[in-house]
Every structure is written in structure tokens, then in C-alpha cells.
Asks: 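Would you mind keeping the following structure in view while I ask a few things?
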Amino acid sequence: MAEKAAKKEKIPRQSMPEQGAQARKRNFEEVPLGYPEESAVKEAERCLQCKKPSCIDGCPVAIDIPAFIKHIKEGEFTKSVRKIWERNALPAVCGRVCPQEIQCEERCILGKKGEPVAIGNLERFVADLEREHGKGDLPPKSKPTGKRVAVVGSGPSGLTVAGDLILKGHEVTVFEAFHKPGGVLVYGIPEFRLPKEIVYSEVNFLERLGVRLVCNMVVGRTVTTDELFEEGYEAIYVGVGAGLPRFLNIPGENLIGIYSANEYLTRANLMKAYLFPEYDTPIARGKNVAVFGAGNVAMDSARTAMRLGADTVRIVYRRSRNEMPARAAEIHHAEEEGIEFYLLTAPTRFLGDENGRVTGMECLEMELGEPDESGRRQPVPIEGSKFQLECDLAVIAVGAGANPLLTQSTEGLNLNRWGYIIAEPETGKTSKKAVWAGGDIVTGQATVILAMGAGRTASDSIHQYLTWGW
Amino acid sequence: MFEILKRQEMADGTVVLNEISAPMIAKKANPGQFVILKANETGERIPLTMADTNPKKGTVTIIYQVVGKSTALFKSLKVGERYQDVIGPLGKPTKLEKVGNVVCVGGGTGVAVLHPITRGLKELGNHMASIIGARTKDLLILEDKMRAASHELHVCTDDGSYGHHGFVTDVLKEILKKENIKLVVGIGPVPMMKFVCKLTEEYKVKTLVSLNAIMVDGTGMCGCCRVSVGGKTQFACVDGPEFDGHQVDFDELMQRLQAYLTEEAEAYEKHKCECKAA
Ligand SMILES: Cc1cc2nc3c(=O)[nH]c(=O)nc-3n(C[C@H](O)[C@H](O)[C@H](O)COP(=O)(O)OP(=O)(O)OC[C@H]3O[C@@H](n4cnc5c(N)ncnc54)[C@H](O)[C@@H]3O)c2cc1C
Ligand code: SF4
Ligand code: FES
């Protein structure tokens, strides 16, 4: 085994071609360009086909990773993507946005001594190939059961439930509040990281399978969950995401030019404000931009601002580099594009001009103190460290909360103290009969794959309920 | 869905009424609530408070002033054509209750929003005095409907071309002096609402206003519509659009409404050129 490992190590991890940093920081086209077939096969050859593959333990939906990689090695690309589909319906999305470095790739045995197999890149490769060149054969569907299921929210979680249940023969309708489906995949994650074509093609696939999609339906306003039951739906899955922006709650936050990341990214992505005036929705184009937070959302906001023509873009974060929650690849890409990092820095108030537009902010330098409940070391201000930074655009990306619109209008739904829905982890069942929930509205803002995993768990339980009862 | 069944121009063509087929929204909507409309694929999401609903017919009515590219685009839609997207009903409905003597004050297209509220308050047995105003006679809208929905109606024009020569606040002040008013509802341009509230504060009369903040989603997910009410940040789309006028920071709202002035002008100019070229 050791000998075999040494031999395999000779092939280096295949890098993926990318758009150069200087060009891409001013356009919205995708950054990594995908493996050519040759690199994919080479990368697949690096996999040791472990008897006890630890990579699978790192995957939240337990994809049979060595099996799909083996098919790539053998040039059986359709078989490979089929293998992934057994566990994950959105591989083109996950290959691009999953934090592989803390999931499958972190566990990969090759990572112990050298670099792990590029599992995410391979996943993306087969999914793209199938989407672009595959025959588009539909998987077989079970006999119609005549049971109707309503899915609320068309993010990754809701789409997973819809896909699973339609294949099991149920009638599925997805209700979406926005005018376009996809959830965060469409309104949050930018085009240069996840082309919207891919999301629409996944949604289109579900529609071809028979899923009915109804946009512009705000459940809780246009219709309530109880009314959906009255209309004949027998089960409801709630996957409405964590759609409540968090602000810093410091003075001056309502000045013009200060956006929540939700607003900034929704304007840019869903409303295509980066194409203004061809598209009608405007967006502020800042020269000096400050982005607060250091997660994926902050990186996406910063890189969007750069693409909209900023001279300087600064990430302002109150902890240190080690605590930054974004995917490693996003931080790396942001740095390459010239985004500056003001770490251990916390804003205390915004400054504005006589027209109410933001001109800058006051900040304090921080140092790390004792670990808090979450185990992260708490930042504490350094006395006398006050300083000012200029900015004409500020984006606040310090997390999201639970949007109460649906939960408040649904009787009998138990919530935790932060307003998230309480759902059984093993089934996704809520306190309300025939209502399931999963994804960010249960866990708080997490990841695409966890939202999909929760959807899979719930769809199994819903199917059982429709067959056997609650 | 969202077909335009009726279209009417008012106020010299500067204001347009659309009755739109939207059965689910019509069934649910109450006075004071709004919808978000988007005309086509490249369009912007525009919030408009409903001027009327007809649950039986399954329609909602909006009345808007043509002020920029998006409303000009709305105006170009003919009967039989459709809005691509209509979302609603959004926001909290007006809390309609019997309180006694009420004054409803409306300016510009605010009158369209005020009308169903006035009608609702009258139906509950309140005594309704209403005041509506416009810059000039030709820009006045819904006079007959407001007359029918009120016990007394006062009309004001800034230039004196019709009714009282002066501002709605002049008439309001006379009424407040003479009568025991329990509630004032003021809906119109921000400066009008601000001055109405200043006046009613002197007389300590509770005042409701409806705020037309800039919005994106209308469901509380973006915070674009934030307004300061009683020193606290609120989202106009879910906490409002109606608020206690004495608590509202109108100056901040007025500034925030100017956020995209340059961009809006640019888009409108481009739109006009394209219309001419076509
Ligand atoms: C900018 C950004 C970048 C991210 N980057 C990554 C990444 O790189 N990798 C990763 O793994 N995760 C990332 N995430 C997190 C990930 O996107 C989320 O965890 C995931 O999308 C959650 O899925 P969901 O299905 O629970 O909810 P969402 O994707 O939030 O979808 C919920 C949907 O429900 C709709 N909805 C809400 N309320 C209602 C209602 N009342 N009626 C009808 N519909 C309603 C919403 O409009 C939305 O479309 C990112 C998030 C953001 C915001
Ligand atoms: S742990 Fe790494 S080498 Fe082993 S099967 Fe998984 S991907 Fe292949
Ligand atoms: S419009 Fe987005 S929160 Fe109100």
C-alpha cells in the first residue's frame, strides 16, 4: 500500500485553468474554467481507490467518491455522473461551491503527505460534461401515487426535495417568493462563481420531470400553509432559507451607500444591476469600498464591487485570518484580485455628508481574547486605537437571521429562540403535522450541501408519511 | 396571469390606472397593502400600494405617476398585455377601526392609496373629513371617489386653479382648530406627510402615514427599505408601510429616496431616446 501510494504521488494534483486575475477582476465571467478531459483523467488516476475511503465520511451526503472517480479514470463519464446523482442531484453546483477543503478533500488519504485528490474539480467536470453533451435522459419515475406535496422555497434544499419526491411518483409543486427559482444560488452567489445557466438548467431538468414551479408566491402572504392543506396538499416542506439581513447596529448605518449583502448581491445577481442600464435595476458603484465580514458572502460582495469598477476594496473583519469562515478558494481568489484585508478591525460608526451619503467610518483595532461559546476567540478592542477609513460604498456581510414572514403566519410551528424552525434531525419533521423543514431556516446560514442533505432526509420521511402516515 | 384588463390615463396623462388580473392577490389583499410589479425580463421591481381590489373579479388596481424609466415602461403597456411579475399582497394592512372623527389627507397619487382606507373607515361608522391636493387642477385625481368615501371633501391646489388656494395643511389646521379629531391619515409626497405630522403633533392627534421607501424584495430579506421610526430601524415592507407619523424620520427618508437619482435620470433619458428611435 505504501509503495502504491508513493507511486501515485508522482502525478501532481492537476490545477484547473483560470481566467487571469487582472482580466477577471473587471468582468463577471466564471473564474475557474474547468478541467480539460485529459487533466480530469489524470487527476482521477491519482485516487488510490481506498478499501475504506475516508473521503466519503467527509461528504455530508456520502457520495461514493472512489466509485465516481473510477468511472472517470475509465472514461465512463455518464456512469460517473449517474453515480453522483444517487446521492446528490446538483453536482455542477456542488463541484463549484462546496467547501471541499474541510469536507471530502480534508479526509482524503493523499492529503496526509501531499495534496488530496481534487474531488470537487472532478465532480464539476463530469457534471458539466453531462449537462453540455449528455443525452439528457430522464431517470425512471415510480407509478403516480396521486399524492400532492408543496415545497416552499426553491433553494438547494427545496429543489432536492422536489427532485426526490417527483421520482417517487408524487405530484410536486414548488412555491417561490421571488420571480425566479434557485434561492441563494441565483440571488446570492455571483455569476463569476456559479453561472446562472447552470442553476436554470437544473431547475429545467426538474420541470421536465414534472415538477410544477410557481414563482411570485409569498407563502404566508399570498397563501398560507393551512390554505395549502385545504387546497389538497398532503405534505409541506419548508425550505425558505435564512432571509433576514443582519446589520452592525452602529450609528449612521442608514446612510446612502450602505447595503446589506443581501441587497447588494440581489441587485447585482438576481436583478442583473451589473448590466445597468440595459437592465433597469441600479446599484451604487463605489470607488472605495468596505465590506464587513469574512465569509463567502463577504468575499462575493467584495469581488462584485471590484468588478463594478472599484479602485480599492477592503474586507474589514474583527477577528484574524484564522477565523475567516470563507472557503479557502474564495479568499485566495479575492487576494489575487487585489482585495485588501483589514483584519482585527471593527467599525464603530459611519460618517456621511450633507446629502446623507456615506463617506467613511470610524474603526477600532482589536486583539483576540478568550474563546467564546462557539469556541472562537473573542475580539476585544484595543484602547486608544481609533482611526478613520474612507469609503463611498459599504456592504454589511456579517451573517443572516431567520426571516419571520412564513414562520409567524404558520400556527403550530415551534421555533427556537433565534426564530429558526425546530425540526427533528433524523426526519426533518416539525412540531406541525405534515410539515417538514430543512436548510438554512433550520440550521441558520450554512452550506448548499447541508441544505441538500436536509432535503434528502426530509424527502425520505415525507415519502414514508405519504405511504404509511405520520 | 397579470393581464391588464383596464387602463385609464388621468391628470393629463401623468398618472395611469391599471386594473390587473391577479386572483390570488385580490382574494387576500386589504387596504394599505402593496404589490411589487415587474414589467418584463429586464425590468425593475417596483412597489405600489393597491388603490383597489376586486376579489370576485380577481383583479387589483394600481395608480401610478410616471416619474422615470420603469413607470414609463408600465405606461406603455396596453390593455391585454401583461406584467411579467406581480407579487403580493405585501406589508401590513391598515388597522381599520371606529374612533370617531377622522381626517384623511392626500396629495398627488397618495390619494389613490388613501381612497380604500377612507372608504373602509367610513364603512366602520367614522365621520370622515377628507382633504386632497395637487399642484394644479388638471393633476387632481379621484375627486369623485373621495367625495363618495367621505362626509365632507376639501380640495386644494397650490396655484389656486381649483378649490382652496394653498396647501392641504392650511385646511387641516382649520379643522383641527374647530373639531375634536381622533385620527389623521396622511398619504402623499414626503414633504406633505412631514408637514401634516408637524401640525398634528401640535394638536396631539394620532397620525398614520404610508411610506414609499425604495424596495427590492418586499419581504424583509434585504433591508433596502429601512426607515427610522422612533429612533429604531424598521423595514417599511414588513413592519409598514404604515407607521405612526410622529415617530418617522422624514428627512432621512427623503434623502434615501434620492439614492439613485443619477442612475434613474440616465435610464430615463436612454429609454426616451429608444422610444423616439423606435
Ligand atoms: C452570497 C452567498 C454565498 C454563499 N456561498 C456558499 C458557498 O460557496 N458554498 C456553500 O456551500 N454555501 C454557500 N452559501 C450558503 C448557501 O447558499 C445556503 O446555505 C443555501 O443556499 C441554503 O439553501 P436553502 O435551500 O435552505 O435556502 P435558500 O437558498 O436561501 O432558498 C430559499 C428560497 O426560499 C424562498 N422563500 C423565502 N421565503 C419564502 C416564502 N415565504 N414563500 C416562498 N418562498 C420563500 C427564497 O426566496 C429563496 O429562493 C452562500 C450564501 C450566500 C448568501
Ligand atoms: S480518500 Fe482520496 S484517495 Fe482514497 S478513495 Fe477517497 S479520494 Fe480516493
Ligand atoms: S424591500 Fe427588502 S427588506 Fe424591505
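The analysis underlying the following values was restricted to heavy atoms, covering all of them including side chains, and did not include hydrogens, waters or symmetry mates. Residue numbers start from 1 in every chain, and the chains themselves are labelled A, B, ... in the order their sequence lines are given, proteins ahead of strands.
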Asks: Under 3.5 Å, is there a donor on one side chain and an acceptor on the other for D217(B) and T219(B)?
Replies: yes

Asks: Most heavy-atom pairs under 4.5 angstrom with chain A, which of Q33(B), M1(B), E44(B)?
Replies: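 Option with the top pair count is E44(B).
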
Asks: Side chain, backbone, both or neither: which part of N403(A) has an atom under 4.5 Å from a heavy atom of chain B?
Replies: side chain

Asks: Taking only Lys NZ, Arg NE, NH1 and NH2, and the carboxylate oxygens of Asp or Glu, determine whether E269(B) and K272(B) approach each other closer than 4.0 Å.
Replies: yes

Asks: Are there more than 12 heavy atoms of other residues, nucleotides or ligands under 6.0 Å from atom NZ of K27(B)?
Replies: no

Asks: Using non-hydrogen atoms and a 4.5 Å limit, figure out which bit of L257(B) sits close to chain A: side chain, backbone, both or neither.
Replies: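 It is neither, since no heavy atom gets under 4.5 Å.
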
Asks: Taking side chain as everything from C-beta outward and backbone as N, CA, C, O, which of these in L90(B) sits under 4.5 Å from a heavy atom of chain A? Side chain, backbone, both or neither.
Replies: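 Looking at L90(B), backbone and side chain both touch chain A.
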
Asks: What part of L405(A) gets closer than 4.5 Å to chain B, counting heavy atoms only: side chain, backbone, both or neither?
Replies: side chain

Asks: Using a 4.5 angstrom heavy-atom cutoff, name the option from G243(A), P245(A), A400(A) with the most pairs to chain B.
Replies: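 Maximum pair count with chain B is reached by P245(A).
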
Asks: Heavy-atom distance under 4.5 Å to chain B: side chain of R267(A), backbone, both or neither?
Replies: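 For R267(A), the side chain is the part near chain B, not the backbone.
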
Asks: What part of V223(A) gets within 4.5 angstrom of chain B, counting heavy atoms only: side chain, backbone, both, or neither?
Replies: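 Its backbone and side chain both get close to chain B.
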
Asks: Which atoms of T222(A) come close to chain B, meaning under 4.5 Å heavy atom to heavy atom: side chain ones, backbone ones, both, or neither?
Replies: both

Asks: Go through the steps to decide whether L211(B) and Q234(B) satisfy the test side chain to side chain contact (heavy atoms under 4.5 Å, CB included), and finish with yes or no.
Replies: CA-CA 11 Å; L211(B) 305 184; Q234(B) 304 259 302; over 6 Å; no

Asks: Counting heavy-atom pairs under 4.5 Å with chain A, which one of L73(B), D249(B), T233(B), N40(B) comes out on top?
Replies: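 Sorted descending by pairs with chain A, the first entry is T233(B).
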
Asks: Between S70(B), G223(B), A259(B), which residue shows the highest count of heavy-atom pairs closer than 4.5 Å to chain A?
Replies: A259(B)

Asks: Considering only NZ, NE, NH1 and NH2 on the basic side and carboxylate oxygens on the acidic side, decide whether K57(B) and E19(B) come within less than 4.0 Å.
Replies: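 Result for this pair is yes, salt bridge flagged.
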
Asks: Measuring heavy-atom distances to chain A, does F2(B) have an atom under 4.5 Å in its side chain, in its backbone, in both, or in neither?
Replies: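 F2(B) touches chain A through side-chain heavy atoms alone.
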
Asks: Using 0.5 Å steps for rounding, measure from the CG atom of L185(A) to the NZ atom of K180(A).
Replies: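 Between atom CG of L185(A) and atom NZ of K180(A) there are 14.5 Å.
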
Asks: Among R45(B), K38(B), M254(B), which has the most heavy-atom pairs under 4.5 Å with chain A?
Replies: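 Most heavy-atom pairs within the cutoff with chain A belong to R45(B).
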
Asks: Is chain B contacted by the side chain of Q408(A), its backbone, both, or neither, given a heavy-atom distance below 4.5 Å?
Replies: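 Contact with chain B involves no heavy atom of Q408(A) at all.
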
Asks: For the atom pair CZ (R226(B)) and CG (L253(B)), what is the distance rounded to the nearest 0.5 Å?
Replies: 12.5 Å

Asks: With chain B, which of G356(A), P282(A), P277(A) has the greatest number of heavy-atom pairs at distances under 4.5 Å?
Replies: P282(A)

Asks: Let me confirm one number: the CZ-CG distance from F243(B) to L208(B), rounded to the nearest 0.5 Å.
Replies: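 Reported to 0.5 Å precision, the distance equals 11.0 Å.
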
Asks: With chain B, which of T281(A), N254(A), I258(A) has the greatest number of heavy-atom pairs at distances under 4.5 Å?
Replies: N254(A)

Asks: Considering only heavy atoms, which portion of L275(A) lies under 4.5 Å from any heavy atom of chain B: side chain, backbone, both, or neither?
Replies: neither

Asks: Quick one about Y233(A) and T173(A) (side-chain donor to acceptor, distance below 3.5 Å, no hydrogens or angles considered), yes or no?
Replies: yes

Asks: What part of F247(A) lies closer than 4.5 angstrom to a heavy atom of chain B: side chain, backbone, both or neither?
Replies: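 Answer is side chain: those atoms of F247(A) sit under 4.5 Å from chain B.
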
Asks: Flag the one option from A39(B), G43(B), A29(B) with the top tally of heavy-atom pairs under 4.5 Å to chain A.
Replies: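 Winner by heavy-atom pair count: G43(B).
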
Asks: Once you round to the nearest 0.5 Å, how far does OH of Y259(A) lie from OG1 of T266(A)?
Replies: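 OG1 of T266(A) is found 11.5 Å from OH of Y259(A).
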
Asks: Calculate, to the nearest 0.5 Å, the distance between atoms CD1 and CG belonging to I46(B) and L37(B) respectively.
Replies: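 I46(B) CD1 to L37(B) CG: 8.5 Å, rounded to 0.5 Å.
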
Asks: So, are D239(B) and K232(B) salt-bridged, with charged N and O less than 4.0 Å apart?
Replies: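 So D239(B) does not pair with K232(B) through a salt bridge.
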
Asks: Which region of L255(A), side chain (C-beta onward) or backbone (N, CA, C, O), has a non-hydrogen atom less than 4.5 Å from a non-hydrogen atom of chain B, or is it both or neither?
Replies: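 Backbone of L255(A) only, per the 4.5 Å heavy-atom cut-off to chain B.
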
Asks: Looking at I283(A), D280(A), N262(A), which has the largest count of heavy-atom pairs under 4.5 Å with chain B?
Replies: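 Winner by heavy-atom pair count: D280(A).
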
Asks: Please classify the contact between V216(B) and chain A as side chain, backbone, both or neither, with a heavy-atom cut-off of under 4.5 Å.
Replies: side chain

Asks: Taking the ring of Y83(B) and the ring of F74(B), is the distance between their centroids below 6.0 Å?
Replies: yes

